[in-house]
Amino acid sequence: MIMFNQSDEGDRKKQLEYLNTKPEYQEDKLRLVPEQMKSFDFWNLTRIIEFKKRKCDHDTFPNWILEQYKYEVNMEIANKHNILFFYQNKFNDGKIWEWNITKMVEKNLMPEPQMKEMNRHTFVTNPEKVPKKVYMLTLDMGYQI
């Protein structure tokens, strides 16, 4: 049986270290959000980032899921603080994809949410399915970082 996303703390820390080496974060380093209070993973004065590590290659599936709940909560935070909301997926093949959700919303490029049967929780071995609204993001809506 597959264990779905046990603790992702180590993956989050590695991603934070990687991102903070990039030129755009040299003047305003990203910070890690404490696990118990996160709707996103990283933040600085200009953005919040939701991060997911995927256990497959970047081109395994035609699209990638962003739960509507995460979208709504994080867009509300971004709008309230006049900052940007980004969504990132890191894949087994080492590729990292990023979607600038704020820009996609501003340009009316967000796909319509769809109802899908999904695991209730991703941190447990019990894959009980429940209906969830999700956005199906394609690679061409984002970019490799």
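The local environment of CD in E117 is crowded, with over 12 non-hydrogen atoms from other residues, nucleotides or ligands closer than 6.0 Å. Counting heavy-atom neighbours within 6.0 Å of E27 CD, excluding the residue itself, gives a total of 12 or less. Residue Y69 places its OH atom among 12 or fewer non-hydrogen atoms of other residues, nucleotides or ligands, all under 6.0 Å distant.
For the atom pair CG (L19) and CD (E24), the distance works out to 8.0 Å, reported to the nearest 0.5 Å. Atoms CG and CD, from N100 and E106 in turn, are 7.5 Å apart once rounded to the nearest 0.5 Å. Note that NZ of K103 is 9.0 Å distant from CZ of F86, once rounded to the nearest 0.5 Å. The CG atom of N63 sits 7.5 Å away from the OG1 atom of T138 when rounded to the nearest 0.5 Å.
Judged purely by atom type and a 3.5 angstrom limit, D57 has no side-chain atom pairing as donor or acceptor with the backbone of T60. Of the possible polar contacts, one joining the D41 side chain to the F51 backbone as a donor-acceptor pair under 3.5 Å is found. Judged by distance alone, the side chain of K29 and the main-chain N or O of N20 form a donor-acceptor pair under 3.5 Å. Side-chain atoms of W97 never come within 3.5 Å of backbone atoms of D140 as a donor-acceptor pair (strictly under, hydrogens ignored). Side-chain N or O atoms of N89 include none that pairs as donor or acceptor with a backbone N or O of K53 at under 3.5 Å. R12 places a side-chain N or O within donor-acceptor distance of the main-chain N or O of V33, the cut-off being under 3.5 Å.
Ring centroids of W64 and F61 are separated by less than 6.0 Å, placing the two rings close together.
The side-chain contact (heavy atoms from CB on, under 4.5 Å) test with I101 singles out one residue from L66, I49, L109, and that residue is L66.
Residues K13 and L32 come closest through the heavy atom pair CG-CD2, 4.0 Å.
Transitive grouping of hydrophobic side chains (ILVMFWY, heavy atoms separated by less than 4.5 Å) keeps F42 and W99 in distinct clusters.
With salt bridges taken as basic N to acidic carboxylate O contacts below 4.0 Å, none links K90 and D93.
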I'd like to know whether Y18 forms a side chain to side chain contact (heavy atoms under 4.5 Å, CB included) with I96, so could you lay out the CA-CA distance, the side-chain angles of the two residues, the decisive distance to 0.1 Å, and finally the verdict. CA-CA 11 Å; Y18 166 73; I96 302 169; 3.6 Å; yes

Side chain to side chain contact (heavy atoms under 4.5 Å, CB included) between M110 and Y135, worked out: CA-CA 8 Å; M110 285 298 291; Y135 293 93; 3.6 Å; yes

Pair L137, Y87 - check side chain to side chain contact (heavy atoms under 4.5 Å, CB included), show working. CA-CA 10 Å; L137 304 176; Y87 181 57; 3.7 Å; yes

Can V134 and M136 be said to form a side chain to side chain contact (heavy atoms under 4.5 Å, CB included), step by step? CA-CA 6 Å; V134 296; M136 304 303 286; 3.7 Å; yes

Please set out all donor-acceptor pairs under 3.5 angstrom arising from side-chain atoms of residues 71-85, sequence neighbours excluded.
residue, atom, partner, partner atom, Å
E72, OE2, Q68, NE2, 3.3
N74, OD1, S39, OG, 2.8
N74, ND2, S39, O, 2.9
N74, ND2, K70, O, 3.2
N79, ND2, M75, O, 3.2

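Using a 4.5 Å cut-off on side-chain heavy atoms (C-beta onward), Q88 and E50 make no contact. Looking at K116 and P131, their side chains never come closer than 4.5 Å, going by heavy atoms from C-beta outward. Between L30 and W43 there is no side-chain heavy-atom pair separated by less than 4.5 Å. Between V130 and K132, some side-chain heavy-atom pair lies under the 4.5 Å cut-off.
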